[in-house]
Amino acid sequence: MSSTTPLLSVKDLAVSFATEDGIVRAVDEVSYTLAPREILAIVGESGSGKSVTVMTLMGLTRGVNARFGGSAVFGSTDLLTASEEELQRIRGNDIAMIFQDPMTSLDPVYKIGDQIIEQIRAHEHVSKAVARDRTIGLLDEVGIPRARERVDSYPHELSGGMRQRVMIAMALSCNPSILIADEPTTALDVTIQAQILERIKQLRDSTDTAVIIVTHDLGVVADIADRIVVMYAGRIVEQGTVDEIFYDPQHPYTWGLLGSITRLDRERPRRLPSIPGSPPSLLDPPKGCHFRPRCPHEFDRCQEVPPLEAHVGEAPGHLDRCWLSTEEKRSRREVGDGQIGLARPQETPA
């Protein structure tokens with residue numbers, strides 16, 4: 001991971017949508033950076049705002065009912081205020097995206113090769129024959145067997161894993177600086193998941209592309225991410241390096257996500273733990289800490305919104321949004337049978 005100027009700098013990003021029932025604050029003052037060659041994971045439950053965050057970078061949430069705040073600077077361009085013409089130039093060429101469901105993202109009536117060729121020629125002045133040769137090379141690079149034959153296949157003729165590989169090939173067709181992967185392993189079996197994640201990591205190493213991977217599963221990013229951003233109800237609640245998040249998590253929500261993953265180094269639990277309750281409605285989120293109604297460690301001060309900051313005893317870049325002190329967090333984190341953050345403490349901090 002490089003320490004040079006960030007490729008992308010997101011500052012106080014806010015996204016809201018006007019609905020018949022009121023204003024939905026889907027993203028609430030989210031800030032992070034992405035360095036060259038870095039793999040950044042954005043993790044959280046469904047409805048946490050992680051997909052809206054990255055789709056906003058691509059200009060895909062724009063609409064008459066959408067409102068935006070903050071900034072998202074790529075190079076010298078603020079993606080939030082860029083014109084449609086500027087975004088058309090950036091999309092696919094500088095910032096590419098692998099969408100969650102390749103079956104609905106690929107056009108079912110066009111051959112996969114034609115769809116990749118179209119993207120290449122939309123950004124570069126090359127002949128169709130040159131674009132086709134490059135497409136075959138891309139399909140081969142992402143692990144499509146018999147790429148010269150498969151280039152003329154329709155999406156329905158490929159398996160889910162193969163379609164996801166096609167989406168990766170399309171995303172990489174113009175050598176983007178940033179690759180956004182939104183739930184790239186959804187609905188794939190664990191073997192194909194591992195292959196797709198390994199392929200993304202290999203492509204980062206060979207092309208120097210920075211990656212943002214969006215997922216609800218911390219286990220998916222354990223071996224691929226450099227840094228992790230944990231989101232809950234539109235806010236970042238914790239961010240740090242992959243080692244900081246896995247070995248010294250500071251927010252009770254992160255404890256819950258980690259506690260719901262079966263560990264091979266511990267005795268198999270009778271029942272897989274889960275976080276009690278449900279995510280709040282973003283039409284009427286809880287006062288103060290959004291995780292407060294589900295948190296077993298909630299106390300009076302949680303009625304106020306905690307800042308996202310590093311605390312005494314934590315690494316400078318390890319930030320979390322919780323009023324508990326570092327010592328209190330570490331003493332409460334490991335409870336009953338090694339499960340994380342699921343038991344209510346006996347005492348309440350002053």
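Because the structure is a prediction, the values reported are computed rather than measured.
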Ring geometry between Tyr253 and Tyr232 (parallel below 30°, tilted from 30 to 60°, perpendicular above 60°): tilted
Shared hydrophobic cluster, Leu218 / Val54 (ILVMFWY, side-chain heavy atoms < 4.5 Å): yes
Co-membership, hydrophobic cluster, residues Met55 and Val27, 4.5 Å side-chain: yes
Under the side chain to side chain donor-acceptor pair (under 3.5 Å) test, residues paired with His318 that sit two or more places apart: Glu238
Side chains of Leu203 and Thr209 in contact at under 4.5 Å (non-hydrogen atoms): no
Spacing of CZ belonging to Arg134 relative to CD belonging to Glu124, to within rounding of 0.5 Å: 4.0 Å
Pairs where residues 115-153 contributes a residue and the test ring pair (Phe, Tyr, Trp, His ring centres under 6.0 Å) is met, not counting sequence neighbours: none
Nearest-0.5 Å distance, CE of residue Met58 to CD1 of residue Ile178: 10.0 Å
Electrostatic pair Lys329-Asp248, nearest N-O below 4.0 angstrom: no
Carboxylate-amine/guanidinium proximity below 4.0 Å for Lys50 and Asp182: no
Charged N-O contact under 4.0 Å between Arg294 and Glu45: yes
Parallel, tilted or perpendicular: ring planes of Phe291 versus His251, cut at 30 and 60 degrees: tilted
Trp255 side, atom CH2; Gln250 side, atom CD - distance, nearest 0.5 Å: 7.5 Å
Asp140 with Arg148: basic N within carboxylate O range, under 4.0 Å: no
Residues Glu157 and Lys111 bridged, charged N to O under 4.0 Å: no
Between CD1 on residue Ile136 and CD1 on residue Ile117, distance to nearest 0.5 Å: 7.5 Å
